[in-house]
Amino acid sequence: MGYLGEEIRKLGFGLMRLPQEKGVIDVEQVKEMVDLFMDAGFTYFDTAWAYAGSEDAIRQALVERYPRESYQLATKNAAWINCKTREEAYAQFDMSLERTKAGFFDFYLLHNLGEGRSHYFDDYDVWNWVQGKKEAGLIKHVGFSFHSTPEELEEILNAHPEMEFVQLQINYADWDNPAVQSKRCYEVARKHGKPVIIMEPVKGGMLATPPEAVEKIMKAAEPESSVASWAVRFAADLDGVITVLSGMSNVAQMKDNLSYMKNFTHLTESQKKVLGQAQEELKKIPLIPCTTCNYCAKVCPMNIGVSGSLTAVNYLTLYSDIKAAQRQEEWLVGGHGLNHADACIKCGKCEEACPQHISIRENLAKISEVLLK
C-alpha cells in the first residue's frame with residue numbers, strides 16, 4: 001500500500017529513457033514493457049512535459065489500451081524551460097493533457113526545483129494555479145521534484161506545506177555524497193511528513209556498472225542477482241517511500257526489475273551489510289574532495305562552474321564513462337548558465353577561498369583537456 005490513499009507498489013516505470021529506434025521511441029517495445037509491468041501488478045508511470053516524445057508514447061502504450069482506473073500517471077511542469085509568461089507555463093499542463101489523453105493526472109509535479117529554477121514557479125504563481133487544477137479534479141496529488149541542497153528543500157517545504165510529496169534523487173552512491181546529499185534531503189522531507197518518490201536509484205544506469213570492487217562485493221553475496229538490483233532495493237527499503245522509479249530502456253531491464261521487485265520485502269541485515277561494504281569501497285576511490293560549498297564561485301571573475309566541473313570529473317573517476325561525465329558537466333555547468341573550465345585565467349582566487357584546499361586551477365586544466373575536447 002502506497003501513500004496518499006493510493007495503492008501503489010514499490011516499483012514505478014520512469015518514462016525518460018524509453019527504447020528508441022533510429023532516434024524515434026519504439027512504441028511497440030514500450031507496449032510490451034507496459035504489458036509486463038501491468039501484468040506483474042505495478043501501476044505507476046512517470047513522464048514529463050519535457051521528456052521528448054514520452055507523453056505521446058505513453059498515450060499509445062498505456063492510456064489507449066488500459067482502463068483509466070487501473071494505473072496512476074504522473075507528469076511534470078517545467079516552468080523554467082523557455083517560459084516568459086505565466087500563460088506559457090500554464091500551457092504545459094494543457095499540452096500534457098492533449099498528448100496523453102489521460103483526462104486527469106494522478107500525480108502532478110513542479111519539475112526540478114532548486115537553484116535558479118525555483119523562482120519561476122513563484123514568479124508565475126504556479127503554486128496557487130496548480131491547486132486550482134486539483135480543485136477542478138484534473139489533478140489528484142500535487143508535489144515537486146527537487147535537485148539541490150537540503151537547506152533549500154527546507155525553505156520550499158516551509159513556504160509550501162500544501163505540497164503532498166517530494167521526488168528526490170536517492171541511491172546508495174549519493175547517500176552521503178556532499179555534492180548530492182541524498183540522505184539529508186530525504187531526512188528533510190520526512191521531517192516535514194512528506195512521503196518520497198525516488199528517482200535515479202541506479203544513477204542514470206551508472207550503478208548497473210559500478211566500479212569493479214563494488215561489483216565484486218555484490219556478486220560474491222548474490223551471484224544470481226543483477227548489480228542494478230542492489231541499487232533499486234536500497235531505495236525501496238527506505239521508510240516513507242511511495243515508489244521507486246526505474247527509467248527502463250528495454251524489455252530485458254523491465255524483466256530484471258520485475259524479477260526482484262514483484263515480491264519485494266525489506267532488506268535483511270546481511271544485505272544491508274553488503275550495501276554498506278559497497279559504500280565503503282566507493283569512499284576509497286580517490287576523488288576531488290569538493291563539498292559544493294561554492295565559495296569559489298563567489299570569487300571567480302570568470303563565472304566558472306567550478307563545483308559542477310569537479311563533480312563531473314569525479315563521475316569519470318568513479319565510473320570510467322566519459323560520455324556520462326561530459327553530460328554531467330554540460331548540465332551542472334552550461335545548464336546553469338556558467339562558464340566552462342576552459343575559461344579559467346588562473347588568477348588563483350578560487351584556491352584562496354576553498355576550505356578544502358583543492359588545487360582548482362590544476363583540475364580545471366585537466367577538465368578542459370579531458371571533458372571539453
Side-chain angles (χ1 to χ4, degrees), residues 14-16 18 25 45-59 63 72-149 151-169 185 194 197 199 245 294 297 303 305 308 327 330-340:
L15 304 169
M16 186 171 73
L18 293 174
I25 291 175
F45 296 83
D46 172 88
T47 184
W49 172 87
Y51 299 167
S54 177
E55 290 181 326
D56 183 68
I58 205 59
R59 183 195 76 247
V63 177
Q72 294 89 16
L73 183 61
T75 195
K76 310 179 190 75
N77 182 295
W80 45 274
I81 297 181
N82 299 327
C83 292
K84 294 182 174 60
T85 65
R86 66 178 60 198
E87 288 74 23
E88 289 177 342
Y90 299 170
Q92 290 186 16
F93 180 85
D94 297 326
M95 185 174 291
S96 291
L97 275 182
E98 175 63 26
R99 288 170 174 170
T100 62
K101 302 289 196 227
F104 66 93
F105 295 112
D106 301 271
F107 289 73
Y108 196 71
L109 294 85
L110 310 189
H111 193 178
N112 196 8
L113 268 68
E115 301 171 331
R117 301 174 297 279
S118 297
H119 76 86
Y120 290 94
F121 298 93
D122 298 331
D123 295 347
Y124 303 146
D125 196 25
V126 177
W127 305 100
N128 287 320
W129 167 82
V130 78
Q131 293 300 321
K133 292 297 181 183
K134 182 181 177 183
E135 291 169 8
L138 295 173
I139 298 169
K140 281 191 177 183
H141 304 295
V142 180
F144 60 92
S145 62
F146 180 81
H147 286 277
S148 191
T149 65
E151 291 79 13
E152 187 171 3
L153 180 58
E154 183 89 54
E155 290 177 10
I156 292 172
L157 289 175
N158 282 334
H160 297 285
E162 75 278 10
M163 291 291 103
E164 297 173 80
F165 64 95
V166 182
Q167 186 161 305
L168 298 173
Q169 177 178 327
C185 286
K194 306 302 179 185
I197 294 172
M199 56 182 163
L245 301 175
N294 287 320
N303 194 33
R327 287 194 297 269
E330 181 53 43
W331 164 242
L332 292 173
V333 181
H336 288 65
L338 302 170
N339 287 324
H340 297 277

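Keep in mind that this is a model prediction, so the values were computed, not measured.
- A distance-only check finds no donor-acceptor pair linking the side chain of Lys76 to the backbone of Ala50 [under 3.5 Å].
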Inset, instruction - Please test Lys134 against Glu164 for salt bridge (Lys or Arg N to Asp or Glu O under 4.0 Å), starting from the C-alpha separation and ending with a verdict. - result: CA-CA 12 Å; Lys134 182 181 177 183; Glu164 297 173 80; 3.0 Å; yes

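- When atom types are taken as modelled, the side chain of Arg86 and the backbone of Val126 share no donor-acceptor pair closer than 3.5 angstrom.
- Looking only at distances, no side-chain donor or acceptor of Asn77 sits under 3.5 Å from a matching main-chain atom of Tyr108.
- Residues passing the side chain to side chain donor-acceptor pair (under 3.5 Å) test with Lys133, sequence neighbours excluded: none.
- Here the closest non-hydrogen pair linking Gly114 and Ser118 is N-OG, 2.8 Å.
- Atom CG of Asn158 has more than 12 neighbouring heavy atoms from other residues, nucleotides or ligands inside a 6.0 Å radius.
- Under a 3.5 Å cut-off, the side chain of Glu115 and the backbone N or O of Ser148 do not form any donor-acceptor pair.
- Checking Ser54 against Thr47 by side-chain atom types alone, a donor-acceptor pair falls below 3.5 Å.
- Of the possible donor and acceptor atoms, none in the side chain of Tyr120 sits under 3.5 Å from a partner among the backbone N and O of Lys84.
- Judged purely by atom type and a 3.5 angstrom limit, Ser145 uses its side chain to pair as donor or acceptor with the backbone of Asn112.
- In this structure a side-chain-to-backbone donor-acceptor pair under 3.5 Å is missing from Tyr124 to Tyr90.
- Checked by atom type and distance alone, the side chain of Trp80 never pairs as donor or acceptor with a backbone atom of His119 at under 3.5 Å.
- Annotation: ring-ring contact (aromatic ring centres under 6.0 Å, His included) contacts of Phe107 (sequence neighbours excluded): Tyr44, His141, Phe165.
- With Arg99 contributing its side chain and Gly53 its backbone, the two residues share no donor-acceptor pair below 3.5 Å.
- A donor-acceptor pair under 3.5 Å is formed between the side chain of Gln92 and the backbone N or O of Ala78.
- In this structure, Phe105 and Phe93 have perpendicular ring planes: the angle between them is above 60°, well past the 30° mark.
- With hydrogens and angles left out, the side-chain atoms of Glu55 and Thr100 include no donor and acceptor closer than 3.5 Å.
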